[in-house]
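Each remark here refers to the structure printed beneath this line.
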Amino acid sequence: MIMNMKRYIAFIIAAVLALPLMFSCKKDSRPDIASGVTGQWHLTSWNGKAPKGFDVWMEFSADGTFTLWQQTATAAYSRLDGTFTSEGNILDGIYTDGTEWSSTYSYSLSESDTKLVLVSLNDESVTSIYSREEIPESVRTPLFSKASAGESGIFRFL
């Protein structure tokens, strides 16, 4: 009986000591986001030329979400939202309606983190350069109606 009691007490002590270990090993559910990528960006070069006839702004957040404002075929900006991941120097994303980005991108940052270079890893190999700039309120809240990510036929820049 005493032997069983000793085993029971040893089991209780081991369980109490193991509890903190079970909770401290909990994996962080946040995505692994490169800190330099987070922030607000404005497209300044597309395949070596200044964008003509279109404008793109984007914001990457530390929680793995992004917002893209693009003015491609109309005077109004379209707003598209979704999530992205970064692993090494690779960015990939998906819009809130489940549509994947048109490409996965390799990225690099300037030494001062003021320029973001995205190179598409699909057959076209498009290079886009973004400058770190605050997104103007006129882009965030345009006077005209905005398209949503679920709207059919909308061109998606990423």
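All figures in this text were calculated on a predicted structure; none of them were measured in a lab.
The nearest pair of heavy atoms linking R132 to T38 is NH1-O, 2.9 Å. What you find for F60 and L116 is that their closest heavy atoms are CE1-CD2, 4.2 Å. Taking both residues in full, the closest heavy atoms of S120 and S103 are given as CB-OG, 3.4 Å, listed atom of the first, atom of the second, then distance. T72 and F54 make their closest contact through CA-CB, 4.1 Å (heavy atoms, listed as atom of the first residue, atom of the second, distance). Closest of all the heavy-atom pairs between T104 and L91 is CG2-O, 3.3 Å. When every heavy atom of T44 is checked against every heavy atom of S131, the shortest pair comes out as CG2-OG, 3.2 Å.
Under the side chain to side chain contact (heavy atoms under 4.5 Å, CB included) rule, E59 has a single partner from T65, D81, I135, which is I135.
Atoms OG and CG, from S106 and L118 in turn, are 8.0 Å apart once rounded to the nearest 0.5 Å. In this structure, Q70 CD and Y77 OH are separated by 11.0 Å, a value rounded to the nearest 0.5 Å. The line from CH2 of W41 to CD1 of I129 is 11.5 Å long, rounded to the nearest 0.5 Å. Note that the OG1 atom of T83 and the CG atom of D63 stand 9.5 Å from one another [nearest 0.5 Å]. Between the OH atom in Y95 and the OG atom in S102 there is a gap of 6.5 Å [rounded to 0.5 Å].
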> For S128 and L43, what are the C-alpha separation, side-chain angles and deciding distance, and is it a side chain to side chain contact (heavy atoms under 4.5 Å, CB included)?
Replying inline: CA-CA 7 Å; S128 304; L43 180 68; 3.8 Å; yes

> So F84 and Y105, side chain to side chain contact (heavy atoms under 4.5 Å, CB included) or not? Walk me through it.
Replying inline: CA-CA 11 Å; F84 74 100; Y105 297 88; over 6 Å; no

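Under a hydrophobic clustering in which Ile, Leu, Val, Met, Phe, Trp and Tyr are joined whenever their side-chain heavy atoms come within less than 4.5 Å, directly or via other members, Y107 and L121 fall into different clusters. Under a hydrophobic clustering in which Ile, Leu, Val, Met, Phe, Trp and Tyr are joined whenever their side-chain heavy atoms come within less than 4.5 Å, directly or via other members, V117 and W101 fall into different clusters. Both V56 and L109 are part of a single hydrophobic cluster, where members link through side-chain heavy atoms under 4.5 Å apart. Hydrophobic clustering of Ile, Leu, Val, Met, Phe, Trp and Tyr side chains at less than 4.5 Å, counting indirect connections, unites V37 with V126.
A 4.5 Å side-chain heavy-atom check between D55 and H42 finds at least one atom pair inside the cut-off. Side-chain contact between K52 and W46 is absent, with no heavy atoms from C-beta onward closer than 4.5 Å. When side chains are defined from C-beta on, Q40 does not count as touching W57, because their heavy atoms never get closer than 4.5 Å.
Looking at residues two or more places apart in sequence or on another chain, you find a side-chain contact (heavy atoms from CB on, under 4.5 Å) between S110 and S112, T114, K115.
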